[in-house]
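Because the structure is predicted, anything quoted here is derived from the model rather than measured. In what follows, chains are A, B, ... by sequence order, proteins preceding strands, each numbered from 1.
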Amino acid sequence: MTINIILLIAMTIATLWTVMGRSLLKATLGLAVTSVVISVLMFRLDSPMAAVFELSVCAGLITIIFVSAISLVKPLTHKEAIVVSKDRMKRFRYLPLLVILFGVIAGFFGIPNDFKPIYVALANDVRTVLWSLRQFDMFGQIVIIIAGALGVVVLFREKEKR
Amino acid sequence: MKNETLLLLTVSVPVVGAFIVPIVGRVSEKLRNLLALAFVSTSFICSLCLIPSALSGKVTSIAIAFPLGFNFVLTADCLAVFMAAVSSFISSVIVLYSFDYISHYPNRDEYYLMVVLFLGSMMGLVFSGNLIFLYIFWELTAIVSWRLIGFFREKHHVLMADKAFLVTVFGALAMLVGFLFIYQKTGSFDLLVIKENFKGVPVPDIAVLLILVGILSKSATLPFHTWLPDAGIAPSPVTALLHAAVLVKIGVYVFARLFISTFSLDAAWHVLIPIIAATSALVSAGAALVETDMKRVIAYSTVSQIAFIFLGFSVNAEIGIVGSLLYILMHGLAKGGLFLCAGIVEQNTKERDITKMGGLIATMPLTAVSFLACVFSVMGVPPFGGFFSKYMVFSGAVTSGQVGIAVTFLFGAVLTILYLLRLFNHIFLGESHGKIAKEESVLMVSSVMIFALVSLACGIYIKYPFLFAQFATKQMLGM
Amino acid sequence: MLTNVLLLPITVPTAAALLILMLPKKFRAAIDAISLFGSFLILLLSILLFKRNLSYSMPALGFGIEFSLRLYHFSGFIVLAAAFFVFLITLYSNAFLREKSYSKQFYVYLLLSLAFINGAVLSDNLVSMLFFWEGMLITLFGMIYIGGKRSFKTATKAFIIAGVGDLCLMLGVAICFYISGTLAISKLHIPISGIGGAAFILLMMGAIAKAGSMPFHTWIPDAAIDAPLPFMAIVPASFEKLLGIYFLSRISLDIFEMSPDSWASMTLMIIGSITIVFAVSMALIQKNYKRLLSYHAISQVGYMILGIGTLVPAGIVGGLFHMINNVMYKSCLFLTGGAVEKQAGTTDLEKLGGLKKYMPVTFICYVITAASISGVPPFNGFFSKELVCEGALERGFIFYLAAIIGAFLTAASFLKLGHAAFLDKSKNGKLPIKEAPIRMLIPMIAIAALCVLFGVWNSLPLKLFIQPILGQERLGGRDFSGMPHNSLLVVITIMVLLGALLNHRYGVKKHGSGLKAAEHIHHAPVLSYIFNKAENGYFDPYNIGLNISYGFSKVAFLFDRAIDWVYNVFIIKVSKVFTAAARSLNDGSYKSYIIWSLLATGAVVIFLIKSMIGA
Amino acid sequence: MPSLLVLIPLFGIILLNLPFRRLNEKYVFWFAVFLLSVQILFTISHHSLFWQQGMGYIDSFFKVDFAIDSLSFIMLLCIAIVSMVSLSVSRYTIPDPRERFKFINLLMIAAIGMNGIVITKDLFSLYVFLEITALSSVVLIAFQKDMNALEGAFKYLILSSIATIMMLFSIALILLVSPGTSFAVIAAALKESPNSAVIIFAMGIFICGLFIKGGLVPFHGWLPDAYTAAPSAVSILLAGIVTKVCGIYTAIRVIAFVFGFNEVIKSLFMFIGLFSILIGALAALGQKDLKRLLAYSSISQVGYIILGFGTGTALGMAGAVFHIFNHAVFKSLLFVNAAAVEKRIGSSDLDRMGGLSYRMPITGSTSVIGVLSTCGIPPLAGFWSKLVIIIALWQSGHYMYGTIAVLASILTLAYLLLMQRKAFFGKLPKELENLKDLKEVGPEFTLPSIILAMITISVGVFFPFVFDKFVVPIKSIFMQ
């Protein structure tokens, strides 16, 4: 049980680092680390399929896309980087305190588990859920992907000077 | 013609007709004016035809049940027919007057639409037997008065229109909350059902207070009266129709309809309301004596005379109630006439400040004489109708034992004489400050003379309105 | 048929007035003829109706209000007197108003007010009496207004004063209905204790306002200058007196049960004596013929009120007799004033003088009526004043003293007037003045003759007109006609008159001309200060009342502006404060939105958990 | 086959986005119009066979059945009307056909999302459809790509993503208790499960997520910025229906049918409703910008809906739904007028406007109708729905809430009269006098405003029939 706690703490530190990290690259790395930690957690909570998804998609694919996108962007000059980091540091200096405070309160109150979760370990694994139970949501995912694509087209396409 | 169809015609003709008027207005100006007059006078004629059946004690009523208790009920009892006849007569004369008055100004279509719609909603309100539809027509008149006060579209005018609209709607909302309290007790909005439930039991004070706030704001009595003088900037037929003769009578009518014919007020209110009325009468009479703008003086005088009507209704004496009903008729005629004369003077001399006017009697004799006649009727000088109504309101105050209030109203009546004579002298007598203006249009002067002559006729042949009012009071008090 | 004969006194004059109204202005002769014929017709009618007891009533309206007329001795007498004087005045004004532009309007108003006075006197219901009573406001305003360019101010003043009086009357009538439940004058018997007292005060104020006594008198002197002269001769001199004193006597005799030693009669007597003394002293110092006469009209009312106020048979008979006498000589004096004004062109005593030679008939009529007003023995004024003095003496010496002072000053002022106008050598150059036209002289001569007749043979008016009003039991079996019984009083009166003559002689010798005969009184140390103040309207209740109401209305206007301020400024300020607070919630930075949302979620969750678990 | 409502637009978009460009641009508008009018037609005649018989194999394929009851009929109707209005307005405000093609695609996706929310019976797919609408609205808000739009979109994105995270988290927690995610299953499971803190926590954050989406007061920060930043066509859509469907309808559906009503939730809703009425109205009173004022006003009107819903009685909920419909109509009417004014004057700053009803009479008079209906002035629709809510409040004994709600409509009247006075009623200021093309905008604006005004008037005047036909069936749903 304590390993889970440690993993959770690691995850929070990684997220804090992503948020407060100076350059975008560091932020993507931080994101990748959090995904890895989450997938390890999932393994521990014996839901392997979800963990595999998490690892491959979030840690792998998304990080690659982010890194490629960032590489296209003109990197900040050193001087600007310092200004940006100082500004971020100033803005988020209270964030860690806040997180710790929240952790203490949660711990102190103690999330009550006064009931026995009944259906956690349902037998069917991800595949059956995905295809048989939640087929309609697939439809939803398709629409979201289309919306995302359209959004990218609308927002980021330069307006050709006709 | 069965009474039911007459009743339906009185209400529906102006309401529906109002929307035809602007359409016809596109075609021809003249036709639209005549059409507007036709709609208004049809409802007048229909209400006249309703009088014999009302007098015979038969209450014709139309009821269509709607969900949630908002059923559409029209009852033509004596009080309703009396109010309908009075307001539709005054409106038809005013519409006749506005043919020549409004022709000088833009957006005339909207004017006629609103005036005819106003009369329609007035008829609806007067005949409605259900609190919700009473409230609907009440708000409809507030919308109309908002559009009409802002008729000249100047910035200040629109500001005043909004002020009037806000104050009256605030009062209406308070009244709606009062209605809901009553609905809570009786479970229905129909006046007859409410009347049964409140046979002996006095109404909860909170409901009375809230409804009173609505009534006082609509009839411009003391705490809520400032919107009426400010609305003096509207065109004269509007101020005549809305702020003198008909709109301000709505509050008083609802007071009679609710607090006299439907449920009974307990004794404390019969002392409190006259006090409010007394302060309002004195304050507005004082203000009228000091004010210099012609229309504002007359508006303040309306506030003061409305307080007299409230006195009559609220003193729990039968003679007072009959007196107030007569007062509504006489004051409507006279005050309408005063505002229309003010309109003629204002249109010809382009001057509103009475200190800069004078000597108009030489060039506008007929207007001056009718103005004087209406002034006498408001003061209560005998051959004119105002005398009987003022006497009976006084007698009502005295017979209900409140002699102190009667003496304060005596002082109010003296102030009335003072400011009305001051007004007449400043406008028509004395030397003219170079502003010599003739009264151009025959139509306007004849409508003003109609008012003066009818006031005189009401004074001399007081028997007919008196008996009608007395019968209405007997019917209201359930005797 | 007989009953609606009673309507004729009201309908005939109104019909005549409307007929004249129809005629265009230039048919002057026709208008004069119609008005004369109309008034003559009414005179005949009233003579015919005089001795009859009739009553007529339309179906009652409700709440005691009904249009009911009742002709009995007293109202018949008043209608007859009114018709008689209207006829004479119309005859007089046919000549007087010849070149005036407003003559048509004047006749219309005259006939209308005659109709109103007949209506008021005949009506047996308080409200229908009030209806006609207040109707006279309009004709009063109309008649003064047509007098001249500037006269509308006085017309307004008269209207307001009379209006206030009538409103008090209206309230009084309402209280009477409240107490007794009926408005029929003949059936009313109200004790004057408590609310009844208030009713008496109000009705009495209405009556004396109409009669033109002290607190409500100030419009009459102004009207003397501004209003057309026939108006002064007919309304303040006769109509007002007739109607006012008629109603006052109906109040004190019929409507209220008043005993002689009650506070009500005391107030009446005080008002009467004050009016006598103050009005006549004001008259003394006047420099204008008509203003002097108008002040006398006010002081003579004081005698009537004093007489009726004593509630002693002698006093009441004296008061009523004085009423009819006063109407006679007062209107005749005004007619002489009119003649002087028409012929000499002015009524200002400084410019008048030596008219004796040129207008002998007017002079003779003036002497007769002046003598009768000052109470010189053979004339009617003497007998009625004696009766009033006898009544006053019975009730208290102070009232008798006031009557005597009044007599003295009246005599002095009329001596001054006669001397200044007729006897002094003429000051203005326009010497060749002709005598007034015959149509003006006839009414003067007729009335002067009547004054002599009512004086010498006073049992005729007393027995025929006055005494039947009180009826035998109230008179206590005494007959007041013939020589006054109390010879002591007669001696005192004669001595007073001689004193006035001596004082006049002394004044003339001291100050040179007749006009300045009363200078020594005018400039006496204390009196001069009061006279100057009174002359420019300092004590004028009308001005005081106006100032009070203007002051009140200024305060009321401030209060009204304060309420308006609340709407225009205060509510907007308050809403601005709240709006600023409400808008501070989203200041544009998304961070604050996030914080607000999270805090609110926390609050909601805690609230839900606490209350759900707790429940 | 209600699922067609969701599928056909999707296939349409896929088809349209295929390569041959010019053809699509012309037809996409009419395709969208056709779709929406079909939807309107079918929602009005709601007992037609379209709804009854299922779609055989498609339903089986998706293995999910959609629930259609009168509540969703009204919502579908509102969605169709408001999107139609937004479509016609966009035809004028977005001149470039290429841009408009993209706009219409996004609009269709948003419509799919909303339709999905309305007809779904499953909590998770509700979440998915919410996600779709949120995403497409973000892109729509940022459509003009200027700084202001991007900032507004960013705020909307942040807030709505917080909301969706909360919802997702609470669904996860609920899954601890219930086997599936469909409403009926969850409802049954929640009834049995003990009243434990975690479940209440889950319910709490779900409700707060909905409040953020609905833009109620403590959570309303993003709403004014998003509405003003969005292009006028989008702000119509947003104000008219998006926040209503995502926030309010979902709250009604979920609370009434899944979490179940108890006194605590009722008082919570009532308090939040009243709080947002007052704060929304007060904030609107001080606004200088027309669209911002209308945004605050929509917060305040949503407050009435929540207040109505909070009474818990069938009448109150029916009144709330009726007010959703009314509000959708007159709010989009006011936004259409605001768009017309902004188009003509170039800015929506109230101080620069004045006396516009001279030159734009139709916009002026329809905005009068919109104003009066929003304030609940009788003859119009707004009055009836407010009255039903107030009566429900009275019947359930909450006098204080009722009185404050009634008197709050004075505030509504104050700021809307302020708007009407500053913009339409009054004299034309100097600088607008000589503005060259200050005249009525064109059929794209006048037609929808007239239609919406007609709807408001007819619903107001023929209220009894409308009440029987639409509102009573809703009452019956909430009856159980």
Side-chain angles (χ1 to χ4, degrees), chain B residues 15 19 22 64-72 106-107 110 117 121 124 132-143 146-147 150-163 165-184 187 189 206 210, chain D residues 315 318-319 354-355 357-358 361 365 368-369 371-372 375-380 383-384 386-388 390-395 397 399 402-414 416-418 420-422 424-429 457 460-468 471-472 475:
Chain B
V15 169
F19 298 99
I64 308 164
F66 286 147
L68 277 175
F70 308 147
N71 21 36
F72 180 73
N107 41 46
E110 189 200 333
L117 184 62
S121 49
I132 286 299
F133 276 90
L134 189 119
Y135 174 76
I136 286 176
F137 289 116
W138 176 291
E139 287 284 21
L140 208 59
T141 53
I143 301 172
W146 168 53
R147 289 303 291 186
F151 177 73
F152 288 126
R153 298 287 197 273
E154 259 90 21
K155 190 165 181 339
H156 174 66
H157 293 202
V158 173
L159 203 64
M160 288 307 130
D162 286 354
K163 176 178 173 185
F165 195 36
L166 277 170
V167 170
T168 33
V169 165
F170 169 72
L173 289 175
M175 191 173 77
L176 182 63
V177 173
F179 285 166
L180 285 171
F181 272 113
I182 294 176
Y183 174 76
Q184 183 62 20
F189 285 110
I206 179 75
L210 287 169
Chain D
L315 184 68
S357 55
Y358 269 118
S365 41
V368 163
I369 292 169
V371 158
L372 293 179
C375 312
I377 304 287
L380 300 171
F383 162 70
W384 293 108
K386 274 192 183 161
L387 187 66
V388 166
I390 301 296
I391 288 184
L393 276 170
W394 230 269
Q395 277 169 351
Y399 303 133
T403 323
I404 298 173
V406 167
L407 295 182
S409 58
I410 267 289
L411 289 174
T412 338
L413 187 65
L416 282 173
L417 278 187
L418 183 96
Q420 185 70 8
R421 174 171 74 239
K422 284 235 171 79
F424 295 101
F425 203 24
K427 274 257 183 300
L428 265 173
I457 295 176
V461 170
F462 303 112
F463 164 73
F465 315 111
V466 169
F467 190 82
D468 293 342
V471 179
V472 167
K475 251 162 69 156

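Chain B forms more heavy-atom pairs under 4.5 Å with one residue of D:Leu418, D:Val368, D:Val406 than with any other, namely D:Val406. The choice from B:Phe70, B:Tyr135, B:Phe170 that makes the most heavy-atom pairs within less than 4.5 Å of chain D is B:Phe70. Interface remark: of the candidates D:Trp394, D:Phe383, D:Trp384, D:Trp394 forms the most heavy-atom pairs closer than 4.5 Å to chain B. By number of non-hydrogen pairs under 4.5 angstrom with chain D, the leading residue of B:Ile143, B:Leu140, B:Leu210, B:Leu176 is B:Ile143. In terms of heavy-atom pairs under 4.5 angstrom with chain D, the leader among B:Glu110, B:Gln184, B:His157, B:Lys155 is B:Gln184. Between chain B and the residues D:Gly355, D:Ser409, D:Pro378, the most heavy-atom pairs under 4.5 angstrom are made by D:Pro378. Of the listed residues (D:Asp468, D:Leu387, D:Leu315), the one with the most heavy-atom contacts under 4.5 Å to chain B is D:Leu387. Top candidate by heavy-atom pairs under 4.5 Å with chain D, chosen from B:Val177, B:Asn71, B:Leu180, is B:Leu180.
Note: D:Ile410 CD1 to B:Leu166 CG = 5.5 Å, rounded to the nearest 0.5 Å. Rounded to the nearest 0.5 Å, atoms CD (D:Gln420) and CG (D:Leu413) are 11.0 Å apart. The CZ atom of D:Phe425 sits 10.0 Å away from atom CZ of B:Phe151, with the distance rounded to the nearest 0.5 Å.
Nearest heavy-atom pair, D:Lys427 versus D:Tyr358, reported as atom, atom and distance to 0.1 Å: NZ-OH, 3.7 Å.
Side-chain atoms of B:Phe179 and B:Ile132, non-hydrogen and from C-beta on, never get closer than 4.5 Å to each other.
A distance-only check finds a donor-acceptor pair linking the side chain of D:Ser357 to the backbone of D:Phe424 [under 3.5 Å].
Heavy-atom distances place the side chain of B:Phe189, and not its backbone, under 4.5 Å from chain D. In this structure, chain D has no heavy atom under 4.5 Å from any part of B:Trp138. Looking at D:Ser365, neither its backbone nor its side chain comes within 4.5 Å of chain B, counting heavy atoms on both sides. Contacts of D:Ile377 with chain B are made by side-chain atoms alone, with heavy-atom separations under 4.5 Å and no backbone atom involved. In this structure, the portion of D:Phe467 lying under 4.5 Å from any heavy atom of chain B is its side chain and not its backbone.
Annotation: cation-pi pair B:Arg147/B:Phe165 absent, no NZ/CZ under 6.0 Å from the ring centroid and within 45° of its normal.
Using bins of under 30°, 30° to 60° and over 60° for the plane-to-plane angle, the ring pair B:Phe181/D:Tyr399 lands in the tilted bin. Using a 30° and 60° split on the angle between ring planes, B:Phe133 and B:Phe66 fall in the tilted class, from 30° to 60°.
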